[in-house]
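Report on one structure; see the data block that follows.
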Amino acid sequence: MNLPNHQLTMTLLMTPDKTNFFGNVHGGDVLRLLDQVAYACASRYAGRHVVTLSVDQVTFKQPIHVGELLTFLASVNYTGTSSIEVGVKVIAENILTKELRHVNSCFLTMVAMDENRRPIAVPKFSPSTPEEERRYKGAVLRREMRKELEQKFNAVRVPQN
Ligand SMILES: CC(C)(COP(=O)(O)OP(=O)(O)OC[C@H]1O[C@@H](n2cnc3c(N)ncnc32)[C@H](O)[C@@H]1OP(=O)(O)O)[C@@H](O)C(=O)NCCC(=O)NCCS
């Protein structure tokens with residue numbers, strides 16, 4: 001396989017077992033696949049098991065249809081010490097017309113774990129193309145935004161006793 005260590009692609013046929021009540025693909029199935037592909041991408045990069053720490057905003061602006069091919073393009077955008085941001089772009093393809101639609105993009109943060117189930121450092125990711133540089137800078141900004149958002153959520157959270 002020639003894919004670089006920080007990238008991964010998965011293509012699946014959207015079969016009728018994945019439908020919602022409107023006959024389109026169920027959002028929960030797509031979320032599960034996003035998590036799976038992010039796991040595969042991050043763990044292959046780190047050579048470690050990883051756990052999902054967070055999934056950034058996922059917005060489904062268009063339905064995905066049964067019978068379409070769904071391709072998940074995943075890449076490591078950024079590494080902290082033990083965390084890895086994986087970006088996933090989702091493309092739906094109509095097999096008959098060949099029409100391609102960009103149906104979703106999202107960012108998942110995965111944390112590499114050691115044998116004692118503690119976070120462990122991962123190889124540092126250094127961007128080597130202008131595209132990777134752009135994604136890396138975006139990931140640094142998102143890391144900051146996540147912290148700010150968490151603080152804001154905590155401020156409005158109803159206290160639990
Ligand atoms: C992920 C987990 C191991 C982190 O544990 P922790 O005690 O916070 O560990 P650390 O403080 O060493 O943090 C590990 C990394 O997570 C990041 N992190 C932890 N909490 C965070 C938060 N609230 N927001 C953003 N990043 C966070 C840290 O910045 C660190 O990243 P870095 O090493 O790249 O700087 C722990 O939260 C966990 O086990 N979560 C459950 C994961 C899981 O089961 N997922 C599936 C759910 S069904």
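Everything numeric here is computed off the predicted structure, so don't read it as measured data.
Listed by chain and residue number, nothing satisfies the side-chain hydrogen bond (donor to acceptor under 3.5 Å, both in side chains) test with N20 (two or more places apart in sequence, or in another chain). A search for side-chain hydrogen bond (donor to acceptor under 3.5 Å, both in side chains) contacts involving T71 returns T11, not counting sequence neighbours. When the side chain to side chain contact (heavy atoms under 4.5 Å, CB included) test is applied to T15, the partners found at least two apart in sequence or on another chain are L13, D17, K18. Annotation: salt bridge (Lys or Arg N to Asp or Glu O under 4.0 Å) contacts of K147 (sequence neighbours excluded): E144. A search for side-chain hydrogen bond (donor to acceptor under 3.5 Å, both in side chains) contacts involving S128 returns E132, not counting sequence neighbours. Annotation: salt bridge (Lys or Arg N to Asp or Glu O under 4.0 Å) contacts of R101 (sequence neighbours excluded): E68. Considering only residues two or more places apart in sequence or on other chains, S83 meets the side-chain hydrogen bond (donor to acceptor under 3.5 Å, both in side chains) condition with R143. Checked against salt bridge (Lys or Arg N to Asp or Glu O under 4.0 Å), E148 has no partners two or more places apart in sequence or in another chain. Taking the side chain to side chain contact (heavy atoms under 4.5 Å, CB included) definition, one finds that R118 meets it with D114, sequence neighbours left out.
The list of ring pair (Phe, Tyr, Trp, His ring centres under 6.0 Å) pairs with a residue in residues 77-123, not counting sequence neighbours, reads Y78-Y136. The list of ring pair (Phe, Tyr, Trp, His ring centres under 6.0 Å) pairs with a residue in residues 114-135, not counting sequence neighbours, reads H6-F125.
A salt bridge links E115 with R48; the closest basic N to acidic carboxylate O contact falls under 4.0 Å.
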Let me have the donor-acceptor pairs involving side chains of residues 28-39, under 3.5 Å, with sequence neighbours excluded, atom names and distances please.
| from | atom 1 | to | atom 2 | distance (Å) |
| --- | --- | --- | --- | --- |
| D35 | OD1 | T52 | OG1 | 2.6 |
| Y39 | OH | H49 | ND1 | 2.7 |

